[in-house]
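Each remark here refers to the structure printed beneath this line.
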Amino acid sequence: MKTAKRTITGIITAAVMLAVGSVWAGDLTPPGAPGPTMKRLDEVEPRTAVQTLSGTAGAMHVISEPGSYYLTANIAAGTNQHGIEVTCDNVSIDLNGFTLAGAGKAVGSTGHGVNALGRKQIVVRNGIIRQFREEGLYCNNGQCLLVENLLVENCGGVGIHGYQYVIVRRSICRQNGSYGILANGDLLSENNTATLNGGPGIGASGSGSVIRGCVSYDNGGVGITVGNGSTVTDCAASSNDSDGIYASSGSTVRGCAAYLNTGMGISVFNGCMVVDNSVNSNTAVGIQGTNRNLIRGNSVNDSPSGIKVTSTDNVVEQNLVSNCTEGINLFGNGNLYVNNRLSNTANLVNESGDTDGSGNITF
C-alpha cells in the first residue's frame with residue numbers, strides 16, 4: 001500500500017510541475033534585435049569642451065550660450081587677447097586642472113584671462129590663470145560670481161575681480177599688479193591667500209562682507225579691507241605695505257593676527273568690535289579706532305603706540321599691551337578703559353591733544 005501511495009503522489013507532483021512549467025515558459029521567440037546599452041557622450045559628459053568653441057581677434061574662445069563648459073587642454077592666448085570671453089549669463093567654466101595663459105603681464109595693452117564683464121551667475125573653478133595683460137578673472141559690474149580652487153598669478157591688474165554677491169573659496173592670488181581679490185560690492189572670501197600683489201590683498205568696498213580663514217601678506221597695500229557691517233575672522237595679515245586689516249563702520253574683527261605691517265595692525269572706524277586679536281610689531285599703531293568701538297581681549301606688542309582711540313565713547317578693556325612706546329592713548333572724552341594690563345610701557349602719554357583722563361573713566 002505504501003508503494004502505491006508513493007507512486008500516485010509522484011504522478012500528481014509531476015503533472016503539477018508540467019502544468020506550471022507550461023505557464024512560466026512563455027514565448028521563446030526574441031522580440032527583435034538587442035538595443036544599445038552604452039550611454040551617449042552628452043549623457044556621460046553633459047558639458048561643452050571649450051576647445052571646440054570658436055574665437056575672435058579679441059579672444060581665443062567665446063562663450064555665447066548659457067551652459068556648462070570645461071577645458072580639455074591648456075589655452076595660450078596671443079597679445080591683446082582674452083583667454084575666454086563670456087558674452088551671456090548663466091555660465092559655468094571648469095578649467096579642469098588646465099591653464100589659461102596670456103602673452104605676459106607687460107605685453108600688449110589689453111587681455112583678461114576670463115572676461116565676463118557685466119555678466120550674471122558666472123562660475124569659474126579648478127585651474128590656473130596667469131600672465132594676462134589686464135586681469136585674471138574680470139567680472140566687474142556683474143552679479144553672482146562664484147570662484148573656487150583657482151591660482152591666479154602674474155596678471156597686470158586685479159587677480160579676481162567681481163562686483164555684487166561675490167564668493168571666492170580656496171584660491172590663491174599672487175604677484176598681480178593690483179588687488180589680489182576685489183569685490184566692488186559684497187564679498188564672501190573663505191580660505192584664500194593673497195600675496196605679493198601690487199595693491200591690497202583682499203578688498204570689498206560694499207557692505208556686509210565676510211572674510212574668514214584668509215591669509216594676506218607682502219602686498220603693496222592694505223592686507224584686508226572691508227566696508228560697513230562686515231566681519232573679518234580667523235585671518236592673518238602680515239608684512240603689507242599699509243595697514244594689516246581695515247574695517248569700516250559697524251564691523252567686527254575677531255581672532256585675527258596682524259604682524260609687521262607698514263602702518264597700523266588693525267584700524268576700524270565707528271561702532272566696531274575688535275576682539276581677541278594678536279597684533280605685533282606693526283610700524284605705527286597696534287589697534288586704532290574712532291568712535292564708539294569695543295576693543296577687548298587683544299594682545300598688542302612691539303609697536304610705537306599700542307591702542308589708540310581718536311574720538312569719544314570707546315570701551316577699551318581686558319587688553320594686554322606690552323613693549324610699546326605708548327600704551328593706551330585716548331584722544332577724546334567719554335571713553336572707558338578698564339582692566340587692561342600694560343607691561344614695559346607707559347599708559348596715557350600726554351601728547352598734544354591726548355587727554356589726561358579727566359573726561360574718561362578708568363577702573
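Computed from a predicted model, the values in this text were never measured in an experiment.
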Side-chain touch [X]/[Y], heavy atoms, less than 4.5 angstrom:
X: Q143; Y: I122; result: no
X: Q51; Y: H61; result: yes
X: F269; Y: Y246; result: yes
X: I266; Y: N277; result: yes
X: V321; Y: R341; result: no
X: R212; Y: V210; result: yes
X: I328; Y: L342; result: yes
X: S109; Y: N80; result: yes

Taking [X] for its side chain and [Y] for its backbone only, find out whether a donor-acceptor pair lies under 3.5 Å.
X: T231; Y: T252; answer: no
X: D89; Y: K120; answer: yes
X: N319; Y: I295; answer: yes
X: R296; Y: Q318; answer: no
X: S303; Y: G306; answer: no
X: N96; Y: D94; answer: no
X: N344; Y: S322; answer: no
X: N74; Y: T99; answer: yes
X: S216; Y: G223; answer: yes
X: N240; Y: V222; answer: no

Shortest non-hydrogen contact from [X] toward [Y]:
X: C88; Y: P66; value: SG-N, 3.5 Å
X: M60; Y: A77; value: CG-CA, 3.5 Å
X: Y138; Y: N115; value: CD2-OD1, 3.4 Å
X: G185; Y: A204; value: O-CB, 3.9 Å
X: N228; Y: S248; value: OD1-OG, 2.7 Å
X: R125; Y: S92; value: NH1-OG, 4.0 Å

Establish whether [X] and [Y] are linked, either directly or via other cluster members, by ILVMFWY side-chain heavy-atom contacts under 4.5 Å.
X: V91; Y: V114; answer: yes
X: V86; Y: L117; answer: no
X: V168; Y: I211; answer: yes
X: L145; Y: V158; answer: no
X: Y163; Y: L146; answer: no

Item to check | side-chain hydrogen bond (donor to acceptor under 3.5 Å, both in side chains) partner of N293, the single match among N335, N314, N270, D313 | outcome: N314

Next on the checklist: Using the rule given for side-chain contact (heavy atoms from CB on, under 4.5 Å), can you reason through V279 versus N301, listing the C-alpha separation, both sets of side-chain angles and the distance that settles it, and then say yes or no?
Outcome noted: CA-CA 6 Å; V279 182; N301 302 280; over 6 Å; no

Next on the checklist: Pair I63, E65 - check side-chain contact (heavy atoms from CB on, under 4.5 Å), show working.
Outcome noted: CA-CA 6 Å; I63 295 175; E65 297 290 336; 5.9 Å; no

Next on the checklist: Whether E190 and R170 form a salt bridge (side-chain N of Lys/Arg under 4.0 Å from carboxylate O of Asp/Glu) is what I want to check.
Outcome noted: no

Next on the checklist: Exactly one of I224, I202, N197 should register a side chain to side chain contact (heavy atoms under 4.5 Å, CB included) with N219. Which one does?
Outcome noted: N197

Next on the checklist: Going by side chain to side chain contact (heavy atoms under 4.5 Å, CB included), V316 matches just one of L294, V338, I287, I307. Which one?
Outcome noted: I307

Pairwise distance [atom1]([X]) to [atom2]([Y]) - rounded to 0.5 angstrom:
X: D276; Y: T233; atom1: CG; atom2: OG1; answer: 12.0 Å
X: L150; Y: N126; atom1: CG; atom2: CG; answer: 7.5 Å
X: N298; Y: R254; atom1: CG; atom2: CZ; answer: 10.0 Å
X: L187; Y: S230; atom1: CG; atom2: OG; answer: 9.0 Å
X: D302; Y: L260; atom1: CG; atom2: CG; answer: 10.5 Å
X: I160; Y: Y179; atom1: CD1; atom2: OH; answer: 15.0 Å

Is there a donor-acceptor contact under 3.5 Å linking the side chains of [X] and [Y]?
X: T110; Y: E134; result: yes
X: N176; Y: S178; result: no
X: E135; Y: H112; result: no

Next on the checklist: As a quick check of understanding, evaluate side-chain contact (heavy atoms from CB on, under 4.5 Å) for V50 and Y70, giving each step before the final call.
Outcome noted: CA-CA 6 Å; V50 170; Y70 67 103; 5.9 Å; no

Item to check | Test side-chain contact (heavy atoms from CB on, under 4.5 Å) applied to V309 and F331, step by step | outcome: CA-CA 6 Å; V309 295; F331 288 81; over 6 Å; no

